[in-house]
> 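Sharing a structure, written as structure tokens. Questions coming.
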Amino acid sequence: MREERLLERIRMREKMPGRSTSEDPKKIIDNVMMHLQKVLNTRQGGVQIAEDFGLPDFNDVIHSQSGAPREIEKSIRQTIQKYEPRLKSVRVKYIPLEDNLLSLNFEIHARLALDDKDQSVVFESQVGDDGRITLRS
């Protein structure tokens, strides 16, 4: 049942007390991706649970440094490592796209523990011109 966050598990147990505990890899990956999208679209200082929850405002980073993609890679990796414990060995790689200059694209590579074995997962992420991050698996 690690495919769901704690509150999701509680809600499901209330709705379906006899539910199976086997893990569906696709469901786990989709749940991790949904959680990552929420975490990565939260700006630091925007929630009370932790000042560093989420990502910094990239508008300041992009306009102030020539190495902005590397700084964003680092921020994404550190945030995932801290706030998505289901993923291990997280690597984030900037993928420049010449045909889309208004967005930044990254690949997120990680290991996800499933039924006593690790599965490699890759998420494609795109930071749009509005600063929002979208993910695809």
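Because the structure is predicted, anything quoted here is derived from the model rather than measured. Because only heavy atoms are used, hydrogens play no part in the values below, and waters and symmetry mates are left out as well, while side chains stay in.
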> Show your reasoning for whether side-chain contact (heavy atoms from CB on, under 4.5 Å) applies to I133 and F106.
CA-CA 10 Å; I133 295 177; F106 299 89; over 6 Å; no

> Grab the two heavy atoms, one from D118 and one from A113, that are nearest each other, plus how far apart they are.
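Taking D118 first and A113 second, the nearest heavy atoms are OD1-CA, 3.5 Å.
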
> Indicate the atoms forming the closest heavy-atom contact of N31 with R86, along with that distance.
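Closest approach of N31 to R86: OD1-NH1, 2.8 Å.
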
> State, with a plain yes or no, whether a side-chain heavy atom of S125 is found less than 4.5 Å away from one of I108.
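In contact.
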
> Side chains of I28 and Q119: does their closest heavy-atom pair fall under 4.5 Å?
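Answer no - side chains too far apart.
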
> Any donor-acceptor pair under 3.5 Å linking the side chain of Q37 with the backbone of L135?
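Yes, the answer is positive, given that a donor and an acceptor are paired below the 3.5 Å cut-off.
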
> I need the minimum non-hydrogen distance between S120 and R111, along with the two atoms involved.
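In terms of heavy atoms, the two residues are closest at CB-NH1, 3.2 Å.
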
> So how far is it from L104 CG to I95 CD1, rounded to the nearest 0.5 Å?
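It is 11.5 Å, given to the nearest 0.5 Å.
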
> Hey, what do you get for CZ (R136) to CE (M33), rounding to the nearest 0.5 Å?
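Going from CZ on R136 over to CE on M33, the span is 9.5 Å.
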
> Over 60° means perpendicular and under 30° means parallel, so classify the ring planes of F53 and Y83, tilted if in between.
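Perpendicular: the ring planes of Y83 and F53 meet at over 60°.
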
> Quick check: closest heavy atoms across T79 and G54, and the distance to 0.1 Å?
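Minimum heavy-atom separation between T79 and G54: OG1-O, 3.2 Å.
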
> Do V47 and V39 belong to the same hydrophobic cluster, where Ile, Leu, Val, Met, Phe, Trp and Tyr are linked whenever their side-chain heavy atoms lie under 4.5 Å apart, directly or via other members?
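As far as the 4.5 Å side-chain criterion goes, V39 and V47 are connected within one cluster.
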
> Between atom NZ of K74 and atom CD of E71, what is the distance when rounded to the nearest 0.5 Å?
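Taking NZ in K74 and CD in E71, the distance rounds to 5.5 Å.
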
> What is the distance from atom CD of Q81 to atom CD1 of I76, rounded to the nearest 0.5 Å?
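One finds 12.0 Å between CD of Q81 and CD1 of I76.
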
> Grab the two heavy atoms, one from Y94 and one from N105, that are nearest each other, plus how far apart they are.
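So the minimum-distance heavy-atom pair works out to CD1-O, 3.4 Å.
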
> Have Q44 and D52 got a donor and an acceptor in their side chains that come within less than 3.5 Å?
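Distance-only check fails for Q44 and D52.
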
> From K26 NZ over to I29 CD1, what is the distance, rounded to the nearest 0.5 angstrom?
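Going from the NZ atom of K26 to the CD1 atom of I29 covers 7.5 Å.
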
> Minimum heavy-atom separation for L55 and S75, please, with both atom names.
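Shortest heavy-atom separation between L55 and S75 comes out as CD2-O, 3.5 Å.
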
> Can you tell whether the side chains of E107 and K93 come within less than 4.0 Å, N to carboxylate O?
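No, no charged N to carboxylate O under 4.0 Å.
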
> Give, for atom CD1 of I80 and atom CZ of F123, the distance between the pair rounded to the nearest 0.5 Å.
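So the CD1 of I80 and the CZ of F123 are separated by 8.5 Å.
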
